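Below: one structure, written as structure tokens.
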2 protein chains.
Amino acid sequence: MNIIISNSSSVPIYEQIKQAIKTAILSYELKEDENLPSVRNLANDLRISFLTVKKAYDELEEEGYIKTIQGKGSFVAPKNIELMKEERRREIEKHVEEIIKIAKIYNINKSEIDDIFNYIASEEDIDIN
Amino acid sequence: MNIIISNSSSVPIYEQIKQAIKTAILSYELKEDENLPSVRNLANDLRISFLTVKKAYDELEEEGYIKTIQGKGSFVAPKNIELMKEERRREIEKHVEEIIKIAKIYNINKSEIDDIFNYIASEEDIDIN
DNA sequence: ATACTGTTATATACTAAACATAACAGCTAA
DNA sequence: TTAGCTGTTATGTTTAGTATATAACAGTAT
């Protein structure tokens with residue numbers, strides 16, 4: 001797993017770590033029961049305090065993404081497949097809600113939004129269909 | 001103009017004010033040269049410090065949305081129509097970019113995204129087409 | 001035992017956000 | 001002209017969140 005954090009970002013470091021690990025788990029890059037780096041190792045790699053990593057891990061555990069056992073380490077929690085699909089969907093829903101809210105205020109219709117989709121998709125050089 | 005702020009939100013109060021006024025301007029609810037509430041009045045209405053309102057107004061001026069004249073008040077700045085369209089589009093683009101990033105990671109295709117669109121649109125009881 | 005894991009406690013530093021208060025300055029209408 | 005609005009500036013305080021360092025403690029495995 002490759003975590004890159006930005007020191008200058010307004011997003012807290014522990015939050016960046018959480019996001020990176022969440023994404024890795026939801027995209028199956030990290031598999032069930034797979035070992036996460038130890039708090040001290042990851043902290044050394046990222047050149048930050050282990051307390052910052054611990055905070056990220058603590059919250060990930062609270063949210064059910066990982067499981068930590070004292071003396072052993074942290075592991076990807078076994079997760080309900082349906083639940084994971086739901087969570088990925090929710091991420092998208094949040095943004096769609098925002099888009100629709102904006103479209104409503106500014107009277108923008110679906111075809112205009114589709115145009116933006118196609119524009120962004122082509123820019124990122126991916127096939128969205 | 002009706003501004004509602006949440007004290008418990010993690011979004012700063014001055015940011016909430018900025019967003020509300022920006023939206024009102026971009027949606028033509030506030031028209032060119034229209035008078036904004038005075039910093040002290042708005043502060044009283046919202047029961048916050050006038051310094052917080054001033055911070056919001058200062059940044060809105062910096063971004064070109066309003067114009068402030070000492071002793072007179074703050075006014076909606078005359079804006080380039082094309083520029084406004086661009087800005088509204090950018091708001092949507094930001095979200096589309098996020099959606100595509102997520103779709104890329106999780107292998108979600110456009111029809112699934114469209115389903116979500118239709119779902120949210122129907123929930124909000126609006127015609128998106 | 002040693003060397004890894006995670007845990008806890010304490011203390012410090014820094015920053016952003018929000019506030020209170022007071023004094024000052026420009027505009028305008030009575 | 002003055003009263004009562006506007007905005008401006010300065011100073012200081014409080015609070016919460018983030019991140020750090022250090023040290024000591026506890027569980028696991030070889």
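Because the structure is a prediction, the values reported are computed rather than measured. Below, each value reflects all heavy atoms present in this structure, side chains not excepted, and no hydrogens, waters or symmetry copies. Within every chain, numbering begins at 1; the chains are lettered A, B, ... in the order of the sequence lines, protein sequences first and strands thereafter.
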When all nucleic acid strands are considered with a 4.0 Å heavy-atom cut-off, which category describes [X]: base, sugar-phosphate, or nothing?
X: A:N7; result: nothing
X: A:N35; result: nothing
X: B:K54; result: base

Which nucleotide in the set [options] lies at the smallest distance from any side-chain heavy atom of [X]?
X: B:Q70; options: C:dT7, D:dG7, C:dA18; value: D:dG7
X: B:T52; options: C:dT7, C:dA18, D:dT8; value: C:dA18
X: B:S74; options: D:dG7, C:dG6, D:dT20; value: D:dG7
X: B:P12; options: C:dA18, D:dT9, D:dT28; value: C:dA18
X: A:Y14; options: D:dA21, C:dG26, D:dT18; value: D:dT18
X: A:K72; options: D:dA29, C:dT5, D:dT6; value: D:dA29
X: B:F50; options: D:dT20, D:dT8, C:dA20; value: D:dT8

Co-membership, hydrophobic cluster, residues A:F50 and A:I69, 4.5 Å side-chain =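 No, A:F50 does not connect to A:I69 through the hydrophobic network.
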Only one of B:E59, B:K79, B:K18, B:E87 forms a side-chain hydrogen bond (donor to acceptor under 3.5 Å, both in side chains) with B:Y65, so which one is it?
-> B:E87
What's the [atom1]-[atom2] distance between [X] and [N], to the nearest Å?
X: B:I13; N: D:dT15; atom1: CD1; atom2: P; value: 16 Å
X: A:E15; N: D:dG17; atom1: CD; atom2: P; value: 13 Å
X: A:I69; N: D:dT28; atom1: CD1; atom2: P; value: 9 Å
X: A:R47; N: D:dA19; atom1: CZ; atom2: P; value: 18 Å
X: B:Y57; N: D:dG7; atom1: OH; atom2: P; value: 7 Å
X: A:L51; N: C:dT7; atom1: CG; atom2: P; value: 11 Å
X: B:D58; N: C:dA17; atom1: CG; atom2: C1'; value: 15 Å
X: A:L42; N: C:dG6; atom1: CG; atom2: P; value: 10 Å

Phosphate oxygens OP1/OP2 of [N]: is one of them under 4.0 Å from a side-chain N or O of [X]?
X: B:N41; N: D:dT6; value: yes
X: B:T68; N: D:dG7; value: no
X: A:K55; N: D:dT18; value: yes

Before accepting this row, confirm whether a basic side-chain N of the pair A:K101/A:E97 lies closer than 4.0 Å to the acidic partner's carboxylate O.
-> no
Quick check against the 3.5 Å criterion: does [X] have a side-chain atom that pairs as donor or acceptor with the backbone of [Y]?
X: B:E61; Y: B:T68; value: yes
X: B:E98; Y: A:H95; value: no
X: B:E93; Y: A:I120; value: no

Within the modelled atom types, does a donor on one side and an acceptor on the other bring the side chain of B:R40 and the base of C:dT21 under 3.5 Å apart?
-> no
